[in-house]
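Below you'll find the structure, written out as structure tokens, and then a few comments.
Proteins get letters first, then strands, A, B, ... in listed order; numbering begins at 1 in each.
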2 protein chains.
Amino acid sequence: MNQRQRWPEGKEGTAPKAATRRGKDGDGAERHEVIYQSISDAIIEHRLKPGARLREDALADVFDISRTGIRKILQRLALEELVTLTPRRGASVTRPSADEAKDVFDARQMIECGLIPEITRRITREDIQTLRDMATQEREALRAGEQSTAIKLSAAFHGHLAHLSGNATLAAFVERLCSRSSLILAVYGNPGHLGCESHDHEDLVSYLEKGNGERAQAFMGRHLKAIEASLSIHSEEDEAPDLYTIFSR
Amino acid sequence: MNQRQRWPEGKEGTAPKAATRRGKDGDGAERHEVIYQSISDAIIEHRLKPGARLREDALADVFDISRTGIRKILQRLALEELVTLTPRRGASVTRPSADEAKDVFDARQMIECGLIPEITRRITREDIQTLRDMATQEREALRAGEQSTAIKLSAAFHGHLAHLSGNATLAAFVERLCSRSSLILAVYGNPGHLGCESHDHEDLVSYLEKGNGERAQAFMGRHLKAIEASLSIHSEEDEAPDLYTIFSR
DNA sequence: CCTCGGCAAATCGTATACAATGGGCGCTCT
DNA sequence: AGAGCGCCCATTGTATACGATTTGCCGAGG
């Protein structure tokens, strides 16, 4: 479609863009989605660390697209608060503040626990099997030392669980909270001890299978509290020191 | 939140609104914010009805800006689900489905009620005064027959209340839910009987003032249920009739 | 040696030009 | 006359060019 000799300036010949050379002419919208997922995954998996700069030109070059498309994607990520857009400085992976971290986990506590009753009511046998598979897969990844994968699978587990409530709006919100949690873990987490304990999710599924909603709810509460407690939250007020407020007369 | 960098020249400190992020302004970004607010308000106030088309050219012309800027704003509105972006047909004001309506009100029920205890704990005398003023203002507008204003003020009331919980993340989510609620009222509401009863908010403030969190919480629950019950939700399966499902063998 | 001021490079913000797609509408054939 | 078909226009999607601003460097002066 638009895949003709771009960049007459050269510099194209020597740089083999490793990045999933999208099949040309793939319909435009699809390509955007793929790129969005790529960046989003990279952030969630901590392959892009908080604070990392995301230059538009570089991304445009890597994904073989114009800056226009990249900006669109970057904006979307910014609205989901995975990246921070500073007016004339470009985009960077969001570095959550301590306050934000607390807010996010409080929100998860409220919503994910609040969703459990409805989930218990609606869950089917197939759902339980799917969840169990996801939990297993996650533990496998954890044991194999693939932290990136484990982090993503953990978020996926929580997201999938939320969707079982039947409330798409809240589920979407939970997904976003999980993404942000991943960022929080990257900043405040202790190495070698990432958020979810390996067996937690499987235990949770067991409670759900037994139809024991109250136990499941309490367990989810403890689970989230445990993750939050495992963080070492230091204020670290280095970035954007907000000078105008600090030195305001 | 560390998004406060104010330029010393700026003085537009109308704090209570603070709808979203966007701290940095400079010069050009401010204009975008204004335009965004204009469109957003127009939608929330039902001056733009669900289904209304929003042509990029027209908007660009009205606001004296290039289509680039309009697209950016439209995308933001789309991510907040106030407008729907259809691939090659442009933007239109979102027409919420019946399912979405239910989801939104369930979500509000969970979150706004869940927030009340913390709000009760944190609320100050000034906060109560502010809330009372807002409620009064809202009733005034309602009595004056200014529905548009009343709708916006109602959403602002719920949003402001949520902010008093101290959880900016959840508060932002509540704000978005309120915006969407406004859309839902536009589609499923009965004329002459818009969502919030005129005295409801003032009653709620009274409970909060007495520090009676449980009463306040129960009242909020009833309040939201009442709004939801006042809707006449007909599925209205006209658009996108999903022929494949209907005629599936 | 330290500091201040200007210059240059880098990078984002905006506008405009171009391409492509889908719908509306008139023409023609039966 | 009705229906089918194809062209034209309206509208969006994408790319690139240009302008603005910020940053970092380097040289000059105290």
(request) Quickly work out the B:His32 NE2 to C:dG13 P distance and round it to whole Å. (result) 10 Å

(message) Can you tell me how far apart CG (B:Leu177) and CD (B:Glu112) are? Round to the nearest 0.5 Å.
(response) 7.5 Å

(request) Report the distance from atom CD1 of B:Ile184 to atom CD of B:Glu228, rounding to the nearest 0.5 Å. (result) 8.5 Å

(request) I would like to know whether B:Arg67 and B:Glu56 meet salt bridge (Lys or Arg N to Asp or Glu O under 4.0 Å); could you show each step before the answer? (result) CA-CA 6 Å; B:Arg67 272 180 50 219; B:Glu56 295 181 351; 3.0 Å; yes

(message) Would you compute the distance between atom CD of B:Glu45 and atom OG of B:Ser182 and round it to the nearest 0.5 angstrom?
(response) 8.5 Å

(message) For C:dA15 and B:Ser66 - does any side-chain N or O of the residue sit under 4.0 Å from the phosphate oxygens OP1/OP2?
(response) yes

(request) Round to a whole Å and report the spacing from CZ of B:Arg55 to C1' of C:dG22. (result) 15 Å

(message) Need one value for B:Arg71: base, sugar-phosphate or nothing, where a base atom within 4.0 Å counts as base even if backbone is also close, heavy atoms only.
(response) base

(message) Nearest whole Å is fine: how far is D:dG13 C1' from A:Arg31 CZ?
(response) 11 Å

(message) Between P on C:dG13 and CD1 on B:Ile70, what's the gap in Å once rounded to a whole number?
(response) 17 Å

(request) Round to a whole Å and report the spacing from CD of B:Glu56 to P of D:dT12. (result) 5 Å

(request) State whether the distance check finds a donor on one side and an acceptor on the other, under 3.5 Å, for side chain A:Arg67 versus base C:dG13. (result) yes

(message) Rounded to whole Å, please give me the gap between CZ in A:Arg89 and P in C:dC12.
(response) 11 Å

(message) Rounding to an integer number of Å, can you tell me how far A:Arg88 CZ sits from C:dC12 P?
(response) 12 Å

(message) Among D:dT16, C:dT14, C:dT11, which nucleotide has an atom closest to any side-chain atom of A:Arg53?
(response) C:dT11

(request) With rounding to the nearest 0.5 Å, note down the distance linking CZ in A:Arg47 to OG in A:Ser148. (result) 7.0 Å

(message) Categorize B:Gly90 for me: base, sugar-phosphate, or nothing, with a 4.0 angstrom heavy-atom threshold over every strand shown.
(response) sugar-phosphate

(request) Return the 5'-most residue of the pair A:Thr68, A:Ala91 with respect to DNA chain C, ranking by each residue's nearest nucleotide. (result) A:Ala91

(request) Select one nucleotide: of D:dT14, D:dA15, C:dA15, the one nearest the side-chain heavy atoms of A:Lys72. (result) D:dT14

(message) Measure CG/B:Leu85 against P/D:dT11 and give the value in whole Å, please.
(response) 16 Å

